[in-house]
Each structure stands twice: as C-alpha cells, then as structure tokens.
Amino acid sequence: MWLPRFCPFLAVLAAVLGAGPQNPPRPGEPALFQLPLFPVHIAQKNISLSKALEEIGVRVRNGYVLFGIEVHREDGKEPSVNLDLPPGSTLGDALQQVFRQLPNYSYELVSPHLINIYPAGTKTDPQDPLNIRVQRFEITNKQASDVLAAPHLFIAELQQRLTPPRAGAPQPSGSVGPRMRSTGPPVSLRLRGRTVRQILNAITEATEQFPPQYTPVGWVYSFQRDPA
C-alpha cells in the first residue's frame, strides 16, 4: 500500500537581466538545460530532493523551470543530496549533479519549461496511481493550484483508487498536501485517455500561458510504501 500526498510546487521566475558572460550552447542539449544559474557558489548539504530542486529553480536566469516531482519517502523523509555548484553552472549541470547522487531517479523534459522527476520504474508500474488511465478529464475555470493540490476531487478514477476498499487487496490511500492558492487566471482543460501524470503535466503546462505578472506552478506527488 502507498500513502500518497499531492501538492503544488511553486516556480520562481528569474528576472531576465543577463549580466555577465554566458556559457556556450552545448550541441544537442535542450535550451532549458542551458539556462545559467546566478553566478554565485551554491553549497547545501544533506537537503531533501524537492528542496534541492527549489534551490536550483530560484537561481535560474534568463527564463524559468517548472518541476513535476514524484518522490518516494522512507520513514517520512525524502532522499537527500548535496549541492556544490560553482559560479558559471547551468541548470543542466545542477540536474546532473543531483541525479548522480540518486541513481534510482530519472528526469525527463516534458515541455519547454517542465521537467518530470520520478523514481526509476514508476512510469511502467501498474500499481502507481499516476499511471491510472483516465477516460475523460474536464475542468472549467478552475484554479490550477486547487486541482494540483487535490486532483482526486477532479478525477473519479483517482478518487476510487485512493479510497481504501472495505474488502480485498489493499490500495493506496492518503491525503492532500499543503494548500496553496493560485493567483493566476483560471484554467480550463478537456482531455481524453490520459494518465493522471499526463493530466498533472497538462495543468502545469496551462499555467505557462499565464501573463508575466502571475507565477506558473508545478506539482509534487510524494508517497511512502507501507511495510505491511
């Protein structure tokens, strides 16, 4: 049984000030990964994966990054990493450093701004609630953060999966994470035959279209296996 929790993950937009030298583009590397970080030494020890990604994201210059994070907790704690990024590092450098320390995790570029983070094997795991295939998903004029914080309220198949049955094999159950009210425009989507993961990504991608005075949001899904 999994004990899951969903919550929005706020992106912080870096001002496009562009002072100082830029690293030359790396052939074949996505443009997002080539974005420079603020030219300071970033040093953090033994911080959680989501905190490390937040530390990296707030230091991106000349653009912004969003994360859709699926993280496995042990004894209530996320995996931890160290950051030691010298001035001149890029987003790609930072991600490589983080995931060299977490060989059981992978990352994948989903859109021009969105990166998915997930434990290896979860995308093909039939027991993972994010792989549930949703026949129909529709929202009209909803705040993205409300849907990302409690997707089961908008996805009947996920609600059914997260409701412990009275009999039969155990199923994942849990509760939503901290509520964060979005200040952006409402979002409307109509999707067919998508997985829960794809729906969460689509909501995040919709926030990329917000006017510049609003902040787009990513998402976090954390879970812990019940040893029983």
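Along the sequence shown, residues are numbered consecutively beginning with 1.
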Quick check: does any side chain N or O of [X] sit under 3.5 Å from a backbone N or O of [Y], one acting as donor and the other as acceptor?
| X | Y | answer |
| --- | --- | --- |
| Arg194 | Leu200 | no |
| Glu78 | Val71 | no |
| Asp125 | Thr122 | no |
| Gln101 | Asn82 | yes |
| Asp128 | Lys123 | no |

Any side-chain heavy atom of [X] sitting closer than 4.5 Å to one from [Y]?
| X | Y | answer |
| --- | --- | --- |
| Phe154 | Pro151 | no |
| Pro119 | Glu70 | yes |
| Asn46 | Ser80 | yes |
| Trp219 | Arg197 | yes |
| Gln209 | Pro185 | no |

Which atom names give the shortest non-hydrogen contact between [X] and [Y], and what distance separates them?
| X | Y | result |
| --- | --- | --- |
| Leu37 | Ala94 | CD1-CB, 4.1 Å |
| Leu158 | Pro129 | CD1-CB, 4.0 Å |
| Phe67 | Leu114 | C-CD1, 3.8 Å |
| Leu148 | Gly218 | CD1-O, 3.4 Å |
| Thr124 | Asn131 | N-ND2, 4.0 Å |
| Gly76 | Gln224 | N-OE1, 2.7 Å |

### Query
Going by the angle between their ring planes, with limits at 30° and 60°, are Phe223 and Tyr221 parallel, tilted or perpendicular?
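Phe223 vs Tyr221 ring planes: parallel.
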### Query
Which of parallel (below 30°), tilted (30 to 60°) and perpendicular (above 60°) describes Phe99 and Tyr107?
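Tilted.
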Look up atom [atom1] in [X] and atom [atom2] in [Y], then write down how far apart they are to the nearest 0.5 Å.
| X | Y | atom1 | atom2 | result |
| --- | --- | --- | --- | --- |
| Gln143 | Ile203 | CD | CD1 | 12.0 Å |
| Ile69 | Leu53 | CD1 | CG | 4.5 Å |
| His41 | Leu83 | NE2 | CG | 9.5 Å |
| Gln44 | Ile56 | CD | CD1 | 10.5 Å |
| Ile139 | Arg190 | CD1 | CZ | 12.0 Å |
| Ser50 | Arg73 | OG | CZ | 10.5 Å |

### Task
Step by step, work out the side chain to side chain contact (heavy atoms under 4.5 Å, CB included) result for Gln159 and Leu153.
CA-CA 7 Å; Gln159 175 75 290; Leu153 299 181; 4.1 Å; yes
### Query
Do Ile132 and Ile155 pass the side chain to side chain contact (heavy atoms under 4.5 Å, CB included) test, and can you show the C-alpha distance, the side-chain angles, and the key distance before you say yes or no?
CA-CA 10 Å; Ile132 295 171; Ile155 303 174; 6.0 Å; no
### Query
Taking only residues at least two apart or on different chains, which pairs with a member in residues 108-148 satisfy ring-ring contact (aromatic ring centres under 6.0 Å, His included)?
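Pairs touching residues 108-148 that pass the test: Tyr64-His113.
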### Query
Taking atom types as modelled, is there a side-chain donor on Thr90 or Asp93 under 3.5 Å from an acceptor on the other?
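A donor-acceptor contact under 3.5 Å links the two side chains.
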### Query
Are any of the side-chain nitrogens in Arg192 or Glu138 under 4.0 Å away from the carboxylate oxygens of its partner?
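Yes, this pair counts.
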### Query
If you measure from the Lys or Arg side-chain nitrogens to the Asp or Glu carboxylate oxygens, is any gap between Arg59 and Glu55 under 4.0 Å?
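Yes, charged N to carboxylate O under 4.0 Å.
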### Pair Phe210-Val187, side chain to side chain contact (heavy atoms under 4.5 Å, CB included): steps then yes or no
CA-CA 10 Å; Phe210 283 176; Val187 170; 4.1 Å; yes
#### Entry: Matching residue for Asn201 among Val196, Thr195, Asn116 - test: side chain to side chain contact (heavy atoms under 4.5 Å, CB included)
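Going through the options one by one, the only one that passes is Asn116.
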### Task
Go through Gln97 and Arg100 one step at a time and tell me if the side chain to side chain contact (heavy atoms under 4.5 Å, CB included) criterion holds.
CA-CA 5 Å; Gln97 184 175 110; Arg100 279 197 299 267; 3.9 Å; yes
